[in-house]
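Note that these values count all heavy atoms, side chains included, but never hydrogens, waters or copies made by symmetry.
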Amino acid sequence: MSVSVLPKDENGCPYLQLAPMEGVGDRTFRKAIASIGGFDEAVCAFLRVPRNAHVQSLARRYESKEIIPIPLAAQIMGSDHLLMAAMAQELVQRGALRIDVNCGCPSNIVTSRGAGSSLLKDPSLLFKVVNAVAKSVAIPVTIKMRSGYEDTSLFFENLSAAQESGVQYITLHPRTKAEGYDSSAKWDLIAQAKAFLKIPLVGNGDINTVEDALNMLRMTGCDGLMIGRGIVMNPFLFHQIRSHFSGFLFQPKWEELVCYFRMYISELPADMPRKLRVNKVKQLMGFYCKNCDSLMQKRNEILMAECKDPETFLAFVLPYLKENWIHSLERKPRM
């Protein structure tokens, strides 16, 4: 299958993807955010494929039968090209519609084992791993990468290796491994990559408002947008971006936000310890508070609340959310 362009909707809105996020972006979150919708595709957080892995056992973690009305891609991460190819084949058997190769995770635990963004230190190894995956399956294979490891000295070599490996498109997060998430995403690198590549490019990083999305498209010419933390902070952002292109004002309802949090709670695993269930909801709420200055002032009070279960915590926090409902949708764009 060949992808020359990423599809836009009937109003010209670019392809919108929910980013893979370890921790917060799990099946529970995907189910909840899918109840709001607005995006074209989601990507599972990476499946590690360590050396000497038993791919059949690892592949059972891929939730291809997860019931969301949105296509779900599988992401894999490792440095053994044969095991990565075998994992891709196993995931296809389990229903995966696309395989994404993670070349961007900055975790020291991951990179110390030669995976994630450590592949960016050696373009030839990056090519070997990704090419093995691309040749092993008939479905689209893509890559998500950062701009480099310690620096961007191999930026174009890595882009070329990825393109020549046979991927259908590249998603670029324009920070190096060393930068982590501390500095601003360097959108100019997305523009340089777009000018260099012959295949489609998806931009990722620091998209927290509609204005951010439009500015990235204007500044870089990228073919699609992948959003992660911006959606956790504002679950309606995909709809807001899409509505800009349709010309119709999207006005979310308070009840939809309440349903979103209740859906999240209802999808938490039944066997999860009660304290962990509460902490998972607090984690989600902590991200949501970041989208509103007035909520941020009360964030510590909200997150320190002693509650016996997620339902009690939600009942406690709802008055705070309702008081700041409109302001939570008015976050300032990146400057």
Please check if the side chain of [X] supplies one atom and the backbone of [Y] the other of a donor-acceptor pair under 3.5 Å.
X: Arg299; Y: Gly286; result: yes
X: Arg30; Y: Gly25; result: yes
X: Asp212; Y: Thr209; result: yes
X: Thr312; Y: Cys307; result: no
X: Asn131; Y: Ser165; result: yes
X: Thr142; Y: Tyr169; result: no
X: Arg175; Y: Arg146; result: no
X: Asn102; Y: Cys105; result: yes
X: Trp187; Y: Asn215; result: no
X: Lys282; Y: Ala305; result: yes

Would you give the length of the straight line joining atom [atom1] of [X] to atom [atom2] of [Y], rounded to the nearest 0.5 angstrom?
X: Met87; Y: Ser136; atom1: CE; atom2: OG; result: 11.5 Å
X: Met84; Y: Met77; atom1: CE; atom2: CE; result: 8.5 Å
X: Tyr149; Y: Ser118; atom1: OH; atom2: OG; result: 6.5 Å
X: Thr28; Y: Leu284; atom1: OG1; atom2: CG; result: 10.0 Å
X: Arg277; Y: Met272; atom1: CZ; atom2: CE; result: 7.5 Å
X: Lys322; Y: Asn324; atom1: NZ; atom2: CG; result: 13.0 Å

Should [X] and [Y] count as side-chain neighbours, where that means a heavy-atom distance under 4.5 Å?
X: Met21; Y: Val232; result: yes
X: Met233; Y: Asn208; result: yes
X: Val167; Y: Ile199; result: yes
X: Val281; Y: Leu268; result: yes
X: Met226; Y: Pro20; result: yes
X: Cys222; Y: Val202; result: no
X: Leu257; Y: Pro235; result: yes
X: Tyr264; Y: Lys31; result: no

Determine, step by step, whether Val43 and Leu18 satisfy the side chain to side chain contact (heavy atoms under 4.5 Å, CB included) criterion, reporting the C-alpha distance in whole Å, the side-chain angles of both residues, the deciding distance to 0.1 Å, and the verdict. CA-CA 6 Å; Val43 186; Leu18 177 66; over 6 Å; no

For residues 111-139, which residue pairs qualify under ring-ring contact (aromatic ring centres under 6.0 Å, His included), counting only residues two or more places apart or in two chains?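 Not a single pair qualifies under ring-ring contact (aromatic ring centres under 6.0 Å, His included).
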
Which ring-ring contact (aromatic ring centres under 6.0 Å, His included) pairs, counting each pair once, include a residue from residues 5-43, with sequence neighbours left out?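 Sorted result for residues 5-43: Phe39-Phe238.
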
Tell me whether [X] is salt-bridged to [Y], with the criterion being a basic N under 4.0 Å from an acidic carboxylate O.
X: Lys198; Y: Glu164; answer: no
X: Glu150; Y: Lys177; answer: no
X: Asp80; Y: Lys128; answer: no
X: Lys194; Y: Asp223; answer: yes

Modelled atom types, side-chain donor and acceptor of [X] and [Y], under 3.5 Å:
X: Gln240; Y: Asn234; result: yes
X: Asn204; Y: Thr171; result: no
X: Asn11; Y: Ser246; result: no

Decide whether a cation-pi geometry holds between Lys298 and Tyr320; the criteria are a distance under 6.0 Å from NZ or CZ to the six-membered ring centre and an angle within 45° of the ring axis.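 No cation-pi geometry.
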
For a quick test of reading the model, state the closest non-hydrogen atom pair linking [X] to [Y] and the distance between them.
X: Leu295; Y: Cys289; answer: CB-O, 3.9 Å
X: Val130; Y: Cys103; answer: CG2-SG, 4.5 Å
X: Thr111; Y: Ser117; answer: CG2-OG, 3.4 Å
X: Pro174; Y: Leu189; answer: CB-CB, 4.1 Å
X: Ile241; Y: Ala213; answer: CD1-CB, 3.6 Å
X: Gly38; Y: Leu16; answer: O-CD1, 3.8 Å

Non-neighbouring partners of [X] that pass salt bridge (charged side-chain N to carboxylate O under 4.0 Å, His left out), sequence neighbours left out:
X: Asp9; result: Arg242
X: Glu41; result: Arg98
X: Lys280; result: Asp26
X: Glu179; result: Lys186

Stepwise, does the side chain to side chain contact (heavy atoms under 4.5 Å, CB included) test hold for His239 with Ile36? CA-CA 8 Å; His239 277 298; Ile36 291 177; 3.7 Å; yes

Under the criterion side chain to side chain contact (heavy atoms under 4.5 Å, CB included), I'd like the reasoning laid out for Phe313 against Ile265: C-alpha separation, chi angles, the key distance, then a yes or no. CA-CA 10 Å; Phe313 174 71; Ile265 290 173; over 6 Å; no

Indicate, with yes or no, if [Y] and [X] share a hydrophobic cluster defined by side-chain heavy-atom contacts under 4.5 Å among Ile, Leu, Val, Met, Phe, Trp and Tyr.
X: Leu172; Y: Phe196; result: yes
X: Met285; Y: Met263; result: no
X: Phe287; Y: Ile302; result: yes
X: Met219; Y: Ile170; result: yes
X: Leu154; Y: Leu159; result: no

Compute the centroid of each ring, for His173 and then for Tyr181, and state whether the two points are separated by less than 6.0 Å.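 Ring centroids of His173 and Tyr181 are less than 6.0 Å from each other.
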
Could you walk me through whether Leu126 and Ile143 pass side chain to side chain contact (heavy atoms under 4.5 Å, CB included), step by step? CA-CA 10 Å; Leu126 185 152; Ile143 181 174; 4.0 Å; yes

Measure up the Tyr288 and Phe261 rings against each other and bin them: parallel (under 30°), tilted (30 to 60°), perpendicular (over 60°).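 Judged by the thresholds at 30° and 60°, the geometry between Tyr288 and Phe261 is perpendicular.
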
